[in-house]
Student: 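Before anything else, here's the structure in question.
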Number of protein chains: 2
Amino acid sequence: MQKEHNLSKNQKIIFDLIDKSGGPMKAYSILFSVQKKGIKAPLQVYRALDKLVEIGKIHKIESRNAFIACQNSSCQISKATAFSICESCENVSEISNSKLSKYLSNFSDNSGMKYSKYNLEFFGLCKKCKSK
Amino acid sequence: MQKEHNLSKNQKIIFDLIDKSGGPMKAYSILFSVQKKGIKAPLQVYRALDKLVEIGKIHKIESRNAFIACQNSSCQISKATAFSICESCENVSEISNSKLSKYLSNFSDNSGMKYSKYNLEFFGLCKKCKSK
DNA sequence: CTTCTAAATGTTATATTATTACATAATGTT
DNA sequence: AACATTATGTAATAATATAACATTTAGAAG
């Protein structure tokens with residue numbers, strides 16, 4: 001049962017942009033693209049991004065300082081994310097593999113720490129780039 | 001068989017500082033600390049950090065833009081890293097769990113991509129912070 | 001429908017993180 | 001010694017992100 005989040009004006013503009021782009025986008029490139037829609041300042045972008053991340057509509061690719069629309073409909077909250085990143089063309093895709101997420105969600109070591117969240121980034125060459 | 005890397009002057013200064021700190025350090029806090037040793041510019045710090053990451057003496061905590069000394073003697077190259085991060089006190093430690101690393105190193109999905117590297121960051125509350 | 005509150009917005013300034021470009025010096029190899 | 005590679009020094013600037021403050025909008029409670 002997915003909670004419906006009514007996105008605000010800025011949130012919707014920015015989510016739609018990222019979603020339509022189909023890939024990761026950087027904050028200042030988003031800013032540039034939405035200036036014609038009246039969003040003028042970095043903070044307006046970052047605030048929308050923060051909220052979108054919080055509700056799981058987008059995820060942050062930490063190693064790239066970029067944001068991508070969630071490609072996994074069951075992912076309501078960004079608390080368990082995994083991505084594959086091509087180091088040549090920088091293509092990013094979200095990995096939704098139930099075994100992997102089960103394994104990591106249940107992972108515990110001997111530190112006595114209970115993990116509530118994780119982010120995993122895999123790097124390599126995608127099919128296309130490998131065959132070049 | 002561990003390759004011996006002869007660190008250069010700046011690399012050694014910066015590695016020693018991070019190593020002795022026992023935790024993650026940020027680039028500009030490193031810069032501040034090493035100014036008395038003659039390292040004056042950000043680039044000098046970033047260059048040393050880049051090299052240290054490349055040879056696996058330190059790792060970058062992507063979600064924190066911080067660098068930590070490798071706590072895992074068998075880790076020559078930063079190609080398979082996992083960390084646990086306390087979201088309250090920001091304590092970070094490197095996870096060395098052979099099952100986990102084996103699982104992730106062998107992970108493959110149906111994207112046809114062969115992963116050569118990964119970085120995993122777990123978040124939660126450490127023992128101390130949990131009991132507060 | 002009004003009062004209250006929480007969330008979102010707008011705006012300016014500034015902090016933090018990282019790289020470009022170019023010159024020089026030290027180190028290792030043949 | 002000549003060459004190539006790696007490291008250093010320095011100035012400028014680019015890219016990423018937040019602080020502080022004023023105002024507005026949207027929901028919830030009476």
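Below, chain A is the first sequence line, B the second, and so on; all start at residue 1.
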Student: Report the distance from atom CD1 of B:Ile61 to atom P of C:dT17, rounded to the nearest whole Å.
Tutor: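 From B:Ile61 CD1 to C:dT17 P: 14 Å.
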Student: With heavy-atom distances below 4.5 Å as the criterion, would you say the side chains of A:Met113 and B:Phe122 are in contact?
Tutor: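 Not touching, per the 4.5 Å side-chain cut-off.
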Student: Would you say D:dT6 has OP1 or OP2 under 4.0 Å from some side-chain N or O of B:Lys51?
Tutor: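 Looking at the OP1 and OP2 atoms of D:dT6, neither is under 4.0 Å from any side-chain N or O of B:Lys51.
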Student: Whole angstroms only, please: what is the CD-P distance between A:Gln35 and C:dT11?
Tutor: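 For the pair A:Gln35 CD and C:dT11 P, the rounded distance is 12 Å.
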Student: Over how many whole Å does the gap from A:Ile13 atom CD1 to C:dA8 atom P extend?
Tutor: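 In whole Å, C:dA8 P and A:Ile13 CD1 are 14 Å from each other.
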Student: Whole-Å distance between D:dT10 P and B:Ile39 CD1?
Tutor: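 These atoms are roughly 12 Å apart.
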Student: Does the side chain of B:Asn65 reach to within under 4.5 Å of the side chain of B:Lys60, using non-hydrogen atoms?
Tutor: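 B:Asn65 vs B:Lys60: side chains touch.
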Student: So if you build clusters from Ile, Leu, Val, Met, Phe, Trp, Tyr with side-chain heavy-atom gaps below 4.5 Å, do B:Phe32 and B:Ile58 land together?
Tutor: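 Different hydrophobic clusters.
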Student: Take the protein atom CG of B:Leu43 and the nucleotide atom C1' of C:dA23, then report the distance between them rounded to whole Å.
Tutor: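 Answer to the nearest Å: 13 Å.
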Student: By nearest nucleotide on DNA chain C, pick out whichever of A:Pro42 and A:Ala48 is the more 5' one.
Tutor: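 Going by which nucleotide is closer to the 5' end, it is A:Ala48.
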Student: Has A:Ser8 got a side-chain N or O lying under 4.0 Å from the OP1 or OP2 atom of C:dT9?
Tutor: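 Indeed, a polar side-chain atom of A:Ser8 lies that close.
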Student: Measuring to OP1 and OP2 of C:dT27, would you say a side-chain N or O of B:Asn6 lies under 4.0 angstrom away?
Tutor: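 No.
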Student: Contact between A:Lys99 and B:Tyr103 at the side-chain level, heavy atoms closer than 4.5 Å - yes or no?
Tutor: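 Sidechains of B:Tyr103 and A:Lys99: in contact.
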Student: Both A:Arg47 and B:Ala41 contact DNA chain D. Which one's nearest nucleotide lies toward the 5' end?
Tutor: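 In this pair, the answer is B:Ala41.
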Student: Starting from P on C:dA8, measure out to CG on A:Leu49 and report it in whole angstrom.
Tutor: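 One finds 14 Å between P of C:dA8 and CG of A:Leu49, rounded.
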Student: For C:dT17, does OP1 or OP2 lie under 4.0 Å from any side-chain N or O of B:Lys26?
Tutor: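 True: B:Lys26 side-chain N/O within range (under 4.0 Å) of C:dT17 OP1/OP2.
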Student: What is the distance, to the nearest angstrom, from the CZ atom on A:Phe67 to the C1' atom on D:dT16?
Tutor: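 The answer, rounded to whole Å, is 9 Å.
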Student: Side-chain N or O of A:Gln11 less than 4.0 angstrom from OP1 or OP2 on C:dA8?
Tutor: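 It does, given that an N or O in the side chain of A:Gln11 lies less than 4.0 Å from OP1 or OP2 of C:dA8.
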Student: Can you check whether A:Gln44 has a side-chain N or O nearer than 4.0 Å to OP1 or OP2 of C:dT9?
Tutor: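 No, outside the criterion.
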Student: From CG of A:Leu7 over to C1' of C:dT9, roughly how many Å is that when rounded to an integer?
Tutor: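 Checked: the CG to C1' distance equals 15 Å.
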Student: Between the side-chain atoms of A:Tyr28 and the base atoms of D:dA14, is any donor-acceptor pair under 3.5 Å?
Tutor: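 For A:Tyr28, whose side chain was compared with the base of D:dA14, there is no donor-acceptor pair (under 3.5 Å).
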Student: Can B:Tyr46 be said to stack with the base of C:dT19, given centres closer than 5.5 angstrom and planes under 30 degrees apart?
Tutor: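 Not stacked by the 5.5 Å and 30° rule.
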Student: Base, sugar-phosphate alone, or nothing: which one does A:Lys60 contact when heavy atoms must sit under 4.0 Å apart?
Tutor: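 Touches sugar-phosphate only.
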Student: Would you indicate whether A:Lys130, at its atom NZ, is surrounded by more than 12 heavy atoms from other residues, nucleotides or ligands within a distance under 6.0 Å?
Tutor: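 Enclosed: over 12 neighbouring heavy atoms sit under 6.0 Å from NZ of A:Lys130.
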Student: According to a strict under-4.0 Å criterion, is B:Asn65 in side-chain N/O contact with OP1 or OP2 of C:dA18?
Tutor: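 Looking at the OP1 and OP2 atoms of C:dA18, one of them is under 4.0 Å from a side-chain N or O of B:Asn65.
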Student: For B:Lys9 and D:dT8, is the shortest distance between a side-chain N/O and OP1 or OP2 below 4.0 Å?
Tutor: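 No, no such contact exists.
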Student: Does the B:Ser131 side chain pair with the main chain of B:Lys128, one donor and one acceptor, at a distance under 3.5 Å?
Tutor: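 Yes, B:Ser131 side chain to B:Lys128 backbone: donor-acceptor pair under 3.5 Å.
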